[in-house]
Amino acid sequence: MSQEIEFITLCKNKVLSGHTITQEEAEKLVNVSDESLHFLSNAANEITREISGNLVDVEALINAKKGKCQEDCSFCSQSAFYKSGIDTYKLLPADTIVQNAKFSKDNGVKSFCLVCAWRGPTQNDFAQICDIIKEINDKVGIEVNCSLGFIDEHMALQLKELGVKRYNHNLESSRSFFSKICTTHTYDDRMNTNQIVKKVGLELCCGGIIGMGETRMQRLELGLDLAGLSPEECPINILVPQKGTPLEVQPRLSLSEILRTIAVFRFLMPKTILKIAGGREVYLSSEQEKALLGGANGIITGGYLTIGGNSPVEDFEMISKIGLEA
Ligand code: SF4
């Protein structure tokens with residue numbers, strides 16, 4: 001066995017016996033040679049299967065309020081700073097959102113995430129969102145998650161009382177890269193909301209976007225910070241450059257870089273649902289099994305905030321084809 005494979009096995013056994021790998025070990029793992037990448041992915045898969053079984057978490061989301069966001073996140077076509085040409089709308093009527101939740105449930109989807117493009121909800125927006133959640137609870141009965149930007153503790157508590165299971169608020173990128181992608185808020189602002197979510201006892205969904213020009217070590221830095229938050233779920237988005245945004249011409253990340261990131265995130269967060277989110281269909285169209293058999297155990301189905309995606313039927317077929325369950 002080569003030294004690298006021996007090292008990967010050692011780290012895998014360490015994780016499987018309930019221990020945490022060190023930063024130094026994570027650095028070595030993320031830098032294994034391309035020849036050993038297959039072993040790294042296999043080891044990440046073994047950790048996933050051993051700890052979480054064969055289940056793939058399938059979630060649908062709705063962009064409940066689209067565009068004209070006052071923040072300047074450079075990857076985001078919903079920012080009012082950029083001429084991305086997307087259609088925009090205010091908060092959707094409750095009926096539309098409830099119908100979407102019902103469609104998701106009827107198609108076998110277990111959870112439904114309400115996402116709004118804004119810095120955070122006003123009191124009025126928040127009251128409307130709460131009414132919509134009550135209606136979904138009454139009429140549909142699907143697990144509801146939310147992604148509403150910055151919220152205070154009072155709002156977080158209200159969501160918890162309404163039965164919201166999980167709150168999404170991504171770190172987006174590493175602390176050392178964050179100021180390159182956003183100037184209207186800080187990394188610590190994002191951390192703060194995540195701490196509030198945890199404090200009130202909501203489950204935390206927190207991840208980021210890879211392929212924005214950060215280095216491999218900055219991707220690892222993000223992974224280490226995420227692991228420190230112990231999120232129940234971690235979405236890994238792969239940048240799909242959006243027209244009109246500053247990252248429009250960003251070169252694509254290679255498949256091996258994506259797979260190495262997913263695998264190492266699994267070593268760092270053995271119990272977390274690692275969800276391949278935006279970019280899955282673009283980057284991994286024929287290679288999705290490599291991600292789902294290389295550390296990931298969740299997907300977003302039915303499209304994303306500003307780009308389309310596979311239908312739930314296609315995704316369920318793909319999952320069963322590779323011997324996993326949804
Ligand atoms: S990522 Fe969120 S906060 Fe940033 S511009 Fe887009 S919608 Fe606004």
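Note that ligands are numbered from 1 as they come in the structure, with each ligand's atoms numbered from 1 the same way. Computed over heavy atoms, backbone and side chain alike; hydrogens, waters and symmetry mates excluded.
Ligand 1 lies out of reach of F81, whose nearest heavy atom is not under 4.0 Å from it.
The pair K275-E233 counts as a salt bridge, with a side-chain nitrogen and a carboxylate oxygen less than 4.0 angstrom apart. Ion pairing between a basic and an acidic side chain is recognised when a charged N comes within 4.0 Å of a carboxylate O; E46 and R49 show no such pairing.
Ring centroids of H185 and F178 are separated by less than 6.0 Å, placing the two rings close together.
In this structure, atom 7 (S) of ligand 1 has a protein heavy-atom contact shorter than 4.0 Å.
D72 and S79 are not linked by any side-chain donor-acceptor pair at a separation below 3.5 angstrom, with hydrogens and angles left out of the test. For the residue pair S173 / E214, no side-chain donor-acceptor distance below 3.5 Å is found, with atom types taken as modelled. Side-chain atoms of N45 and T48 form no donor-acceptor pair, as typed in the model, at a separation below 3.5 Å.
Near F75, with a cut-off below 4.0 Å to any heavy atom, the atoms of ligand 1 are 1 (S).
The tally of protein N/O/S atoms under 2.8 Å from atom 4 (Fe) of ligand 1 stands at 1.
Geometrically, K65 does not engage Y89 in a cation-pi contact defined by less than 6.0 Å to the ring centre and at most 45° from the axis.
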